[in-house]
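Okay, structure first, notes after.
Every value quoted in this text rests on a predicted model; they were computed, and no experiment measured them.
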Amino acid sequence: MTKIKPGIAVVGAGGWGRNHVRSLAGLGVLRAVCDRDAKARESARSTGASIFSELSDVLANDDVKGVVIATDAPSHVELAHAAIAAGKDVLVEKPLALTTDDARALCEHADHEGRVLMVGHLLLFHPVVQRLKAMIDAGELGEVLYLVCRRLNLGVVRRDENAWWSLAPHDLSIASYLLNDSPEAVSARGGVFLQKERGIDDVVFGTVRYGRGRLAHVHVSWLDPHKVRMLTVVGDKKMAVFDDASTDEKLRVYDKGVEPPAVVGYEEGVRVRTGDVVVPAVRMAEPLKLEHEAFLSAIETRHAPIADGWSGLAVVQALEAGARSLAANGAEVKVER
Ligand SMILES: NC(=O)c1ccc[n+]([C@@H]2O[C@H](COP(=O)([O-])OP(=O)(O)OC[C@H]3O[C@@H](n4cnc5c(N)ncnc54)[C@H](O)[C@@H]3O)[C@@H](O)[C@H]2O)c1
């Protein structure tokens with residue numbers, strides 16, 4: 001007997017939401033699409049899903065078990081509360097919310113109602129991030145000392161959020177996942193160039209401090225000539241570079257390190273070790289499809305997915321600390337829990 005998969009609705013079929021529509025239709029679980037915009041509704045019509053302009057119509061549909069919210073960030077919280085109250089499991093695009101209080105209230109609401117709450121931290125489902133996580137957990141890189149995350153491009157320039165809120169959720173979610181920790185403090189400096197009247201930072205250099213002195217440097221920008229999606233992980237045994245813009249060598253592992261001599265004398269420095277560079281074969285799959293499969297699995301098993309609401313809250317806490325630091329010209333701000 002074929003197992004019936006839970007029906008899913010997408011709310012917000014704009015620039016990014018249409019990818020949710022495509023992927024969920026491909027998985028055969030798309031039941032409904034909702035958007036206030038007629039053009040967005042029209043573009044989803046060929047999927048054969050029911051098309052609505054109001055969330056209430058989606059929520060009244062008993063075939064819909066899960067709702068993906070891919071609207072603009074300020075609307076996430078209200079729509080997610082409504083979906084949870086209607087008994088739906090919810091996948092909310094990043095950032096989960098724009099304040100720690102809102103994010104926490106959403107997590108508590110979902111827990112209280114026994115609903116799945118997941119956040120669209122897409123890159124946690126990237127096969128290379130999964131491989132890196134397995135390598136780190138197995139001790140292959142040794143102790144991870146610091147990470148450098150760079151997410152740069154020319155555009156998309158947002159009007160309602162700065163580059164930190166728009167792009168850094170990915171890097172903060174990856175850093176915390178790989179380090180298996182939550183940030184302690186953030187300092188961030190930004191530059192406002194394109195929309196001075198709105199005070200929106202186009203580029204942000206963030207330094208995120210974790211326990212045991214570990215660091216993540218997060219450089220995000222939509223005002224850069226290059227498309228860069230690069231993560232460097234420096235461990236005390238090996239180092240790894242994830243270059244998502246590369247087509248065939250997304251992951252490189254460097255057998256490089258620095259070893260202090262057993263006894264440090266006046267003339268002795270540290271010994272630099274340069275070994276092989278290995279390009280592990282990572283079987284690729286579309287991260288969005290893997291994210292959807294994790295959502296479907298959470299709906300069926302009732303087990304929290306890796307990108308659950310609480311991990312979304314931790315990212316919002318770090319984003320908020322970063323925003324405070326930006327306003328304070330880069331002063332280090334403790335992450336409030
Ligand atoms: N995971 C990723 O890699 C990734 C990438 C890009 C964007 N995003 C996130 O996806 C979300 C959407 O971004 P976007 O670029 O697609 O924005 P967008 O403005 O292009 O699309 C948003 C859509 O939501 C619709 N909408 C807004 N409020 C609504 C409501 N109450 N009911 C029904 N429809 C409503 C709008 O009409 C619009 O079509 C944001 O949270 C963004 O951060 C995630």
Side-chain angles (χ1 to χ4, degrees), residues 6 8-27 29-30 33-35 40 44 55 58 64-84 88-99 102-103 106-107 110 115-130 149 151 156 158 160-161 163-177 218 220 229 244 285-299 304-319:
I8 307 294
V10 175
V11 182
W16 180 246
R18 70 174 70 112
N19 292 317
H20 283 288
V21 169
R22 172 188 48 76
S23 167
L24 290 163
L27 288 168
V29 295
L30 185 72
V33 175
C34 168
D35 202 297
L55 177 70
V58 174
V64 170
K65 303 292 177 215
V67 176
V68 174
I69 294 171
T71 56
D72 45 289
S75 62
H76 288 175
V77 169
E78 188 189 336
L79 299 177
H81 275 300
I84 292 166
K88 311 295 184 191
D89 295 314
V90 185
L91 163 54
V92 184
E93 258 310 332
K94 56 82 194 159
L96 180 60
L98 295 179
T99 68
D102 279 352
L106 208 48
C107 293
R115 293 293 112 208
V116 171
L117 176 62
M118 185 168 164
V119 59
H121 289 160
L122 178 73
L123 291 170
L124 300 191
F125 300 94
H126 196 299
V128 171
V129 173
Q130 284 298 320
C149 316
R151 192 167 301 282
V156 178
R158 304 250 172 199
D160 298 318
E161 56 187 351
W164 177 250
W165 280 92
S166 177
L167 302 170
H170 289 305
D171 304 298
L172 294 168
S173 64
I174 297 175
S176 297
Y177 182 59
V218 177
V220 287
R229 300 275 180 269
D244 206 8
E286 191 189 3
L288 189 58
K289 181 171 178 248
L290 299 173
E291 179 183 294
H292 287 148
E293 285 172 347
F295 185 42
L296 294 171
S297 164
I299 291 174
I306 47 172
D308 68 353
W310 294 102
S311 68
L313 164 66
V315 166
V316 173
Q317 287 168 329
L319 286 167

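Residue Ser23 holds its OG atom at 9.0 Å from CG of Leu290, rounded to the nearest 0.5 Å. A distance of 6.5 Å separates CG in Leu319 from CH2 in Trp164, rounded to the nearest 0.5 Å. Leu172 contributes atom CG, which lies 11.5 Å from atom CD of Gln317 (distance to the nearest 0.5 angstrom). The CZ atom of Phe125 sits 14.0 Å away from atom NZ of Lys289, with the distance rounded to the nearest 0.5 Å.
Contact of the His76 side chain with the Glu93 side chain is registered, since non-hydrogen atoms from C-beta on lie closer than 4.5 Å. Taking 4.5 Å as the limit, some side-chain heavy atom of Leu79 sits within range of a side-chain heavy atom of Leu55. For the pair Val315 and Pro95, the minimum side-chain heavy-atom distance is 4.5 Å or more. The closest side-chain heavy-atom distance from Gln130 to Tyr177 is below 4.5 Å. The shortest side-chain heavy-atom distance between Asp308 and Val116 does not fall under the 4.5 Å cut-off. Between Val220 and Asp171, some side-chain heavy-atom pair lies under the 4.5 Å cut-off.
The minimum heavy-atom distance linking Cys107 with Leu96 is given by the pair SG-CD2, 4.3 Å. Ala294 approaches Pro305 most closely through the heavy-atom pair O-CB, 4.5 Å. Closest approach of Pro287 and Leu122 over heavy atoms only: C-CD1, 3.7 Å. In terms of heavy-atom proximity, Val64 sits nearest to Gly66 at CG1-O, 3.5 Å. Heavy-atom minimum distance, Val33 versus Leu30: CG2-CD2, 3.9 Å. Across all their heavy atoms, Asn19 and Leu288 have their closest contact at O-CD2, 3.4 Å.
The side chain to side chain contact (heavy atoms under 4.5 Å, CB included) test with Asp244 singles out one residue from Leu123, Val129, Val128, and that residue is Leu123. Put simply, the residue from Leu24, Leu91, Val90 that forms a side chain to side chain contact (heavy atoms under 4.5 Å, CB included) with Phe295 is Leu91. Partner His170 forms a side chain to side chain contact (heavy atoms under 4.5 Å, CB included) with one of Arg151, Arg229, His126 and no other, that one being Arg151.
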(message) Could you walk me through whether Leu106 and His81 satisfy the side-chain contact (heavy atoms from CB on, under 4.5 Å) test, starting with their C-alpha distance in whole Å, then the side-chain angles of each, then the deciding distance to 0.1 Å, before giving a yes or no?
(response) CA-CA 7 Å; Leu106 208 48; His81 275 300; 3.6 Å; yes
(message) Between Val68 and Ile8, is the side-chain contact (heavy atoms from CB on, under 4.5 Å) condition met? List the steps.
(response) CA-CA 7 Å; Val68 174; Ile8 307 294; 3.8 Å; yes
(request) Test Val92 against Met118 for side-chain contact (heavy atoms from CB on, under 4.5 Å), laying out the working first. (result) CA-CA 6 Å; Val92 184; Met118 185 168 164; over 6 Å; no
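At a cut-off of 3.5 Å, with distance as the only test, no side-chain donor of Glu291 or His121 sits close to an acceptor on the other residue.
Partners of Glu78 according to the side chain to side chain contact (heavy atoms under 4.5 Å, CB included) rule, which considers only residues two or more places apart in sequence or in another chain, do not exist here.
Salt bridge annotation for Asp89-Lys65: absent, with no cationic side-chain nitrogen under 4.0 angstrom from a carboxylate oxygen.
Proximity of a side-chain donor or acceptor of Lys94 to a complementary backbone N or O of Ser166 within less than 3.5 Å is detected. With hydrogens and angles disregarded, a donor-acceptor distance shorter than 3.5 Å links the side chain of Ser75 to the backbone of Asp72.
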